[in-house]
Amino acid sequence: MKIANQTTSAVSLVQAALGKIDQYQDWHIFTFVNRDAALKRAREIDKKIKNGEPVGRLAGVPYALKDNFLSKEGETTASAKILTGLTSPLNATCVEKLEAEDAIMIGRTNLDAFAHGSSTENSFFGPTKNAFDPERVAGGSSGGSAVAVALGCAEFATGTDTGGSIRQPASFNGVFGIKPTYGAISRYGVVAMASSTDVVGFFAKTPADLDLLMSVASGKDAKDLTSLPDFYGFEDKKLKKKKIGFVKEFVESPALNPELKTALEAKLSAFRSKGYEIVELSLPTLEYALATYYILQPAEVASNLSRYDGIRYGFRSKNLDPAKVCSADENPEKTALDLCYQQTRQEGFMRENKRRIMIGNFVLSSGFYDAYFLKAAKARTLIIKEFEKAFEKVDAILSPVAPNPAFRLGEKVNDPVSMYLEDVMSVPVNLAGIPAVAFPAGWTESNPASKSTKNPTKNPTKNPTKNPVSKLPLGLQLLGPRRSDKQLLEMVEEIL
Amino acid sequence: MEITDKEISHLASLSNFSLAADEKNALKTDLKNILKYISKLDELDVSNVEPTFQVFEMENVWRPDEITPQDASCEALLALTKESLDHQVKVPKVL
């Protein structure tokens with residue numbers, strides 16, 4: 001990425017990014033643009049450089065912040081109505097670390113509300129469009145961040161990945177994304193979704209940029225007790241088998257798009273030509289990872305989102321007349337406080353938020369806990385063990401991120417199960433807490449039209465690609481054992 | 001498995017939502033479909049397997065019970081509330 005120095009000014013970097021943000025307004029990437037503050041910051045950094053004062057490793061680099069990171073600049077809404085109006089009095093640790101290296105936050109990016117989704121269509125502010133076809137989804141939940149990097153609105157962007165929310169939008173928009181080892185980067189100041197799988201990570205245009213960002217952001221944080229002691233860049237070179245695996249069950253799945261299968265085979269060949277042995281792995285328990293994830297994650301969501309009540313911050317319903325609002329039946333003698341909670345949550349959450357909270361409360365409720373939540377927690381153990389065994393045989397596993405390239409806006413948003421199936425190849429990584437790097441692996445031959453769209457080439461002038469709506473990015477991911485984050489980036493670099 | 005109207009109302013109550021009738025019906029269908037999918041786990045034998053609740057690699061983390069400086073002041077946090085009184089958060093009537 002371009003970093004400000006004696007010849008490249010921070011102001012020019014910020015102005016270039018702002019120009020792209022204006023150009024791609026219709027893509028609906030940002031929930032807030034930090035225009036004036038970013039330019040002010042850039043001028044300060046340029047002055048330092050001119051005076052020969054030391055500057056950070058990310059001097060003047062404009063970056064996009066996913067809107068679920070607390071920052072003093074702009075409202076932190078997580079693209080949810082219930083958090084509108086919240087201006088954070090503090091910065092997330094990740095934001096502090098980036099800004100300590102003189103990176104400049106150019107704007108906050110759109111996401112599925114509370115990161116619940118795989119398309120960024122569940123945002124209170126409306127969907128973000130795919131960088132290469134505005135009639136297709138950006139992917140999600142970090143859709144805004146991925147598109148911001150793909151279209152040059154930022155040099156890099158932050159994301160969170162609870163079940164694929166960095167890797168899937170990265171692959172839908174042709175950029176690199178890292179989902180680090182669980183605990184590598186502090187989650188302090190990041191809106192919680194499912195705490196046992198939430199990780200902070202990044203989008204960028206090269207593995208080298210992701211490497212720099214990891215070295216800046218990772219490490220122990222006293223404010224996040226689950227953060228790991230800094231290992232990034234210090235780990236032993238443990239990956240010496242020179243073996244790459246692929247998952248037989250994924251490659252043979254009828255759900256896998258044939259072009260993605262071809263792209264995977266091409267990259268396996270690329271590894272082979274670099275001296276790696278290719279190993280077929282059978283990981284039969286991964287078939288149960290999605291069901292496991294869609295029990296454990298909603299349970300944690302129900303718990304984490306119970307804090308939003310309209311009392312301490314954010315949105316509060318104005319419809320608090322008991323005669324006018326419908327009752328939840330079970331508590332006819334509601335107090336004004338009960339009513340405030342229920343109406344605020346009723347109006348403040350999206351439908352998908354409600355689905356997850358209710359499923360979570362269902363699987364945790366007495367009578368169903370053993371059959372759902374406990375069973376899923378046990379299945380998680382089996383999935384972790386299956387990965388551990390696999391990594392005794394290979395250094396890393398090459399896999400698709402999702403079964404298909406970007407789908408059409410509106411195609412899945414009203415069918416939760418078909419949307420969840422998008423995550424089938426990404427969630428096993430989160431359950432095991434292992435790292436994965438998503439990277440571009442070519443393009444589709446054409447842009448398959450769907451029945452619902454008769455004229456896929458309308459508005460071609462608005463499309464940013466040279467060849468409008470003709471091709472979509474294909475993305476793959478490389479998975480490794482815990483703490484292999486840096487080696488994964490190095491391996492991806494080898495086959496570009 | 002079937003989700004009854006009573007169960008939807010109970011879950012709405014646990015979740016603190018005041019769902020409208022049409023939303024209850026839509027969620028009933030959605031939840032039924034989701035539960036059908038996640039019941040796939042019934043096929044998996046997990047007998048004699050220990051559950052995993054976290055991958056933090058740690059046991060309890062202890063720290064001295066001391067007040068440490070915080071990022072946000074009490075005043076800054078109170079400023080976020082809809083109503084406050086005498087340095088406290090004011091809530092709607094509870095009695």
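Since the model is a prediction, treat every value here as computed from it, not as a measurement. Heavy atoms only: backbone and side chains are in, while hydrogens, waters and symmetry mates are out. Letters A, B, ... are given to chains in the order of the sequence lines, protein chains preceding strands, and every chain is numbered from 1.
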Worksheet item: Below 4.5 Å, heavy atoms only, C-beta onward: do B:Val55 and A:Arg482 meet side chain to side chain?
Response: yes
Discussion item. Is the shortest side-chain heavy-atom distance between B:Leu27 and A:Arg355 below 4.5 Å?
Written reply: yes
Worksheet item: Between A:Leu90 and B:Asp71, which heavy-atom pair has the shortest distance, and what is it?
Response: CB-CB, 3.8 Å
Discussion item. With chain B as the partner, which of A:Gly433, A:Cys340, A:Pro416 has the greatest number of non-hydrogen pairs under 4.5 Å?
Written reply: A:Pro416
Practice prompt. Determine whether B:Pro92 and A:Arg316 make a side-chain contact, defined as any pair of heavy atoms from C-beta on separated by less than 4.5 Å.
Written response: yes
Practice prompt. Specify the closest pair of heavy atoms between A:Lys375 and B:Leu41, including all atoms of both residues, with the distance to one decimal.
Written response: NZ-O, 3.1 Å
Practice prompt. Check A:Arg380 against B:Thr52 and note the closest heavy-atom contact, atom names and distance.
Written response: CD-O, 3.7 Å
Worksheet entry | Flag side-chain contact, heavy atom, 4.5 Å: A:Pro89 against B:Leu77 | yes
Discussion item. Please identify, among A:Leu228, A:Leu86, A:Leu290, A:Leu374, the residue contributing the most non-hydrogen atom pairs under 4.5 Å to chain B.
Written reply: A:Leu290
Worksheet, complete the sentence: On a heavy-atom basis, the closest approach of B:Ser39 and A:Tyr372 is OG-OH, 3.7 Å
Discussion item. Nearest 0.5 angstrom please: B:Leu11 CG to A:Lys354 NZ, how far?
Written reply: 14.0 Å
Practice prompt. Name the region of B:Ile8, side chain, backbone, both or neither, that has any atom closer than 4.5 Å to a heavy atom of chain A.
Written response: both
Worksheet item: Within a strict 4.5 Å, meaning less than it, do heavy atoms of the A:Tyr293 and B:Ile38 side chains meet?
Response: no
Worksheet item: Checking heavy atoms, do the side chain of B:Glu23, its backbone, both or neither come under 4.5 Å from chain A?
Response: both
Practice prompt. Look at atom CD of B:Glu75 and say whether more than 12 heavy atoms of other residues, nucleotides or ligands are closer to it than 6.0 Å.
Written response: yes
Worksheet entry | side chain to side chain contact (heavy atoms under 4.5 Å, CB included) involving A:Ala432 - partner list, sequence neighbours excluded | A:Ile384, A:Phe387, A:Ile434
Worksheet item: Under 6.0 Å from the NZ atom of B:Lys90, do we count more than 12 heavy atoms belonging to anything else shown?
Response: no
Worksheet entry | Partner of B:Ser18 under side chain to side chain donor-acceptor pair (under 3.5 Å), chosen from A:Glu347, A:Arg345, A:Gln343 | A:Gln343
Fill in: Listed partners of A:Glu249 passing side-chain hydrogen bond (donor to acceptor under 3.5 Å, both in side chains), at least two apart
A:Ser282
Discussion item. Using 30° and 60° as the class boundaries, would you call the ring planes of B:Phe56 and A:Tyr182 parallel, tilted or perpendicular?
Written reply: parallel
Worksheet item: Taking atom types as modelled and ignoring hydrogens, do the side chains of A:Tyr288 and B:Glu43 form a donor-acceptor contact shorter than 3.5 angstrom?
Response: yes
Fill in: Residue B:Val89 versus chain A: region with a heavy atom under 4.5 Å
side chain
Practice prompt. List the steps, then state whether side-chain contact (heavy atoms from CB on, under 4.5 Å) holds for A:Ile311 with B:Lys82.
Written response: CA-CA 7 Å; A:Ile311 301 297; B:Lys82 294 285 173 205; over 6 Å; no
Worksheet item: Atom CG in A:Leu364, atom CG in B:Leu14: separation rounded to 0.5 Å?
Response: 10.0 Å
Discussion item. Using side-chain heavy atoms (C-beta onward) and a distance below 4.5 Å, is A:Phe362 in contact with B:Leu31?
Written reply: no
